[in-house]
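One structure below.
We're numbering straight along the sequence, starting at 1. One-based numbering, in listed order, for ligands and for the atoms of each. All values derive from a computational prediction rather than experimental measurement.
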Amino acid sequence: MHAVEKKVRAFVRVKPTAQFAQDVIKFGPDNKSIDIYIKKDAKKGVVNNKQTDWSFKLDGVLHNTSQELTYETVAKKLVSEALVGYNGTIMCYGQTGAGKTYTMTGATAEYKHRGIIPRAVQQVFKAITRSVDSFITVRISYLEIYNETLCDLLSTMTSSGASDVQMAIVDCPQGVYVKGLSIHSVSDEEDALNLLFEGETNRVIAEHTLNKNSSRSHCIFTIYIQSRFRVLSDVRCINSKINLIDLAGSERLSKTGSEGRVLKEAAYINKSLSFLEQIIIALADPKREHIPFRQSKLTHVLKDSLGGKCNTVLVANICGEALHVEETLSSLRFATRMKWITTEPVINVTYDSEGTVKALEKEISLLKQELAMHDSLVNRSSVTYDPLTDVQVAEIKSQIHKYLQGDIDEIDIMNFRQVQEVFRQFKLIVRKQVDEVETRLRSKYVLIDRNDFATISAAQKVGIVDVDHHLLKRQDVDIIPTPVPPKPDEKKSRTSSLRPKKEGTKSLFSGRDLAAHLPSKSQVIIPTKSLDVKEKARNEDTAHIDAQPSKPVSKENSQWSSSPPSRAVAFEQFKKECGSEINRIFKENKSILLARRKRSSTVARRINIIKQEIEDIKKALEAQRQERSQQGEYVDEKGRLIIDEKEFLLIMKLKDLKEEYRCSYAELQDLKAEIQYCQHLVDQCRNKLISEFEIWYSESFLIPTYVQNALKSGGNIRPGMIPINRVMCLEEDEQDRFERMQEVMLPAGPDSVSFYKAKMKTDQKHTYSRTMSSLKLMHKKPGHITAAGKDKALSFLHVT
Ligand code: ADP
Ligand code: MG
């Protein structure tokens, strides 16, 4: 990858203050420069050659800038480049209190005030969610350097607790790393933020217990990103890391007026910061060959994050007050020096040899299997590519018959031709079966066209087909449900309304049911009158296509109930008992429907008669007219035609008939609508009756006795008692609802959920552990506890 030269970018962020020294600090119009003016010190005499004006050119001045805009300006690009493989480093430099921590971590109490770290974490995970073709893992570490000592801020998160391993900075060809520093895999934003907050808390705790001053330590939060993609068999691996560094306060020693330990600390800080400065100067000088990174822990750790192959950004945090102008000047100088450094960021891509080997191994084993199969196929049959001989086909046929009869469990696969032949044979068998079934049915029933209403109504009269065109053997309409309860979407294919034969062992198909099985869909089948016993016996063989209401119990069901009554018997009982009301309504609707149909056919007949009469009269009238025209027409004085009485009567009759025809026709239309409606009701009732019966039947006979017992009064299931799995469901629903509500209620919207959750977790954990340790302390050495300490512990207890 060709590297493009880049400069380190440097920004200055001014901490907002009421006492902003307007006459000392001035911003350039483009917001990229900052000028400092110091008034001549009168005390230093008339001749004062000290420089009083400075101008600094930077990549941007962040003045009264929100956290969000700061992030956008400083970090966003760097993070998105890290996601494609460039290392990135962001450093905050400046005196204590100037806003380094605020810029880097932000105020953890409020989402809006979160700093660069949580925002970078969010950006990384949002990008991961969007990426589809790569497998990305994210890991986190949090290192503190205090007085040249390395400290793992996340050691409390490892299973072994604080690690005893002595940490050390190790140089290796891939870059520097800290041996012994815990690196934690995180699966989402919340996970990562948990670690940030944990580290922050540990830093604060150490400040209290070890009397450390957190402003004197450097903190490095690192996000390691690894994306893997498969490019053919190569596993390409892109590694990058983002170092987010909150440096120690850069204030100079003299100002702090420190002594003893504090002096030592300050010396360490200044040493490491001045080494940092030296490194930066050295890096900016193209002629320098040796860069003394190893001089301090900080510079050593940052070796591959500072110049070189990395995107680097510096934020100089300054205070706006005149009082701090010296520190401000030194921070600005540091920032401009950083800008001299050129870098050549490159994508850190490696070919994961382990991954590649694994991928190849997998492929090889797949190919081996393929080959083994191929070999075995070749070995088993010498004729792999030739068409099958008759003998082979016969062999396959006999195998299939054996298979269908259950004599063999499997049909061995020999080659493609054999597989195809097997399928062909199956197809033949299925076709033959269909033909056989149709022939059998035809020998037993007469097929009539579904649209041939004349024949159907003739059949109805004889009582072979009911008003729904369902097949009957008797006129009284009765139903027997099929073993399978009707599915709601099968409403249209009305459940067979059939009547069992006298023996009550077998039901017949309704026309519609049959239509589904037979090729011709517009045919209704009417049984032929004669059915010999042999024929019946033969039909028993076709049980696999017939519904069997009397043998409804499947294997599983029969384990539960020793001998449930046959469905036919049970159905009679059901109609008398639980189903009596539905049955009554069903019958009522049915009889209304029948009445309407009868009326409808009467009206239709009448209409036909009227039509015939109208035709007759029309003919008679025509004859009259012809006669009249032959005899010559009579016309009155006004020129009107005079007709005889007979013709007049015929005309009147025709008028009446036409009127009657109109009325009857209207009635027929009404009846048709009514019939349609009634038919719908009848269908509904039928379905209801059948589904109710199915439920009743399985509850009464098919539910295991122990469940039935449990349901009885005194059993271990009581009405109103919620089964435990339901309770769990409820709990989950509540949780969901809570989380949804949280998302809606949170001031900063759903994006802030991870932030607040992580914060809450860390807070809870530490409140708990502090309470526990306070309690232990009280327990162990009651004398040592101060009144205030006790209060604190108690108040913690109170809170938790
Ligand atoms: P440092 O880490 O440099 O010592 P801090 O980040 O702790 O300084 O900032 C000191 C105080 O000033 C904190 O209370 C912080 O909230 C506040 N502060 C710093 N910068 C800003 C800013 N840009 N806006 C608002 N408050 C700020
Ligand atoms: Mg700080």
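Where the criterion is an N or O separation shorter than 3.5 Å, residue side chain and backbone included, T103 fails it with respect to ligand 1. For a threshold of 3.5 Å applied to N or O pairs, the pair formed by D246 and ligand 1 contains no separation below that value. For ligand 1, the polar-atom distance check finds no N/O of P16 at less than 3.5 Å from any of the ligand's N/O atoms. Below 3.5 Å of separation, one finds an N or O of K100 facing an N or O of ligand 1.
Taking the ring axis of Y111 as reference, the NZ or CZ atom of R114 stays within 45° of it and closer than 6.0 Å to the ring centre. With Y224 as the aromatic partner, R139 meets the cation-pi criteria of under 6.0 angstrom to the ring centre and within 45 degrees of the ring axis.
The Mg ion (ligand 2) has an N, O or S atom of T101 closer than 2.8 Å.
Within the structure, the closest approach of R13 to ligand 1 falls below 4.0 Å when heavy atoms are considered. Not a single heavy atom of G249 lies less than 4.0 angstrom from ligand 1.
Within 4.0 Å of atom 4 (O) of ligand 1, at least one protein heavy atom is present. The protein reaches atom 19 (C) of ligand 1 closely, with a heavy atom under 4.0 angstrom from it.
Nearest protein heavy-atom neighbour of atom 6 (O) of ligand 1: Y102 N, 2.7 Å. The nearest heavy-atom contact from the protein to atom 11 (C) of ligand 1 is K15 NZ, 3.9 Å. Regarding atom 10 (C) of ligand 1, its nearest protein heavy-atom neighbour is G97 O, 3.7 Å. Looking only at protein heavy atoms, the nearest one to atom 2 (O) of ligand 1 is T101 OG1, 2.7 Å.
Residue Q95 touches ligand 1 through its backbone alone, judged by heavy-atom distances below 4.0 Å.
For K759 and E200, the salt-bridge test fails: no basic side-chain N is under 4.0 Å from an acidic carboxylate O. Under the 4.0 Å criterion applied to side-chain N and carboxylate O atoms, D171 and K303 are assigned as salt-bridge partners. Remark: E68 does not engage K112 in a salt bridge, criterion side-chain N to carboxylate O under 4.0 Å. Note on D59 versus K32: no salt bridge recorded, every NZ/NE/NH1/NH2 to OD/OE distance being 4.0 Å or above.
For ligand 1, the atoms sitting less than 4.0 Å from at least one non-hydrogen atom of T96 are 4 (O), numbered in the order shown with element in parentheses.
Looking only at atom types and distance, the side chain of S217 has a donor-acceptor partner in the side chain of E144 under 3.5 Å away. Side-chain contact, T101 with D246: a donor N or O sits under 3.5 Å from an acceptor N or O. Side-chain contact of E251 with T96: a donor-acceptor pair under 3.5 Å is present, judged by distance alone.
F197 is linked by a ring pair (Phe, Tyr, Trp, His ring centres under 6.0 Å) to F755, counting only residues two or more places apart in sequence or in another chain.
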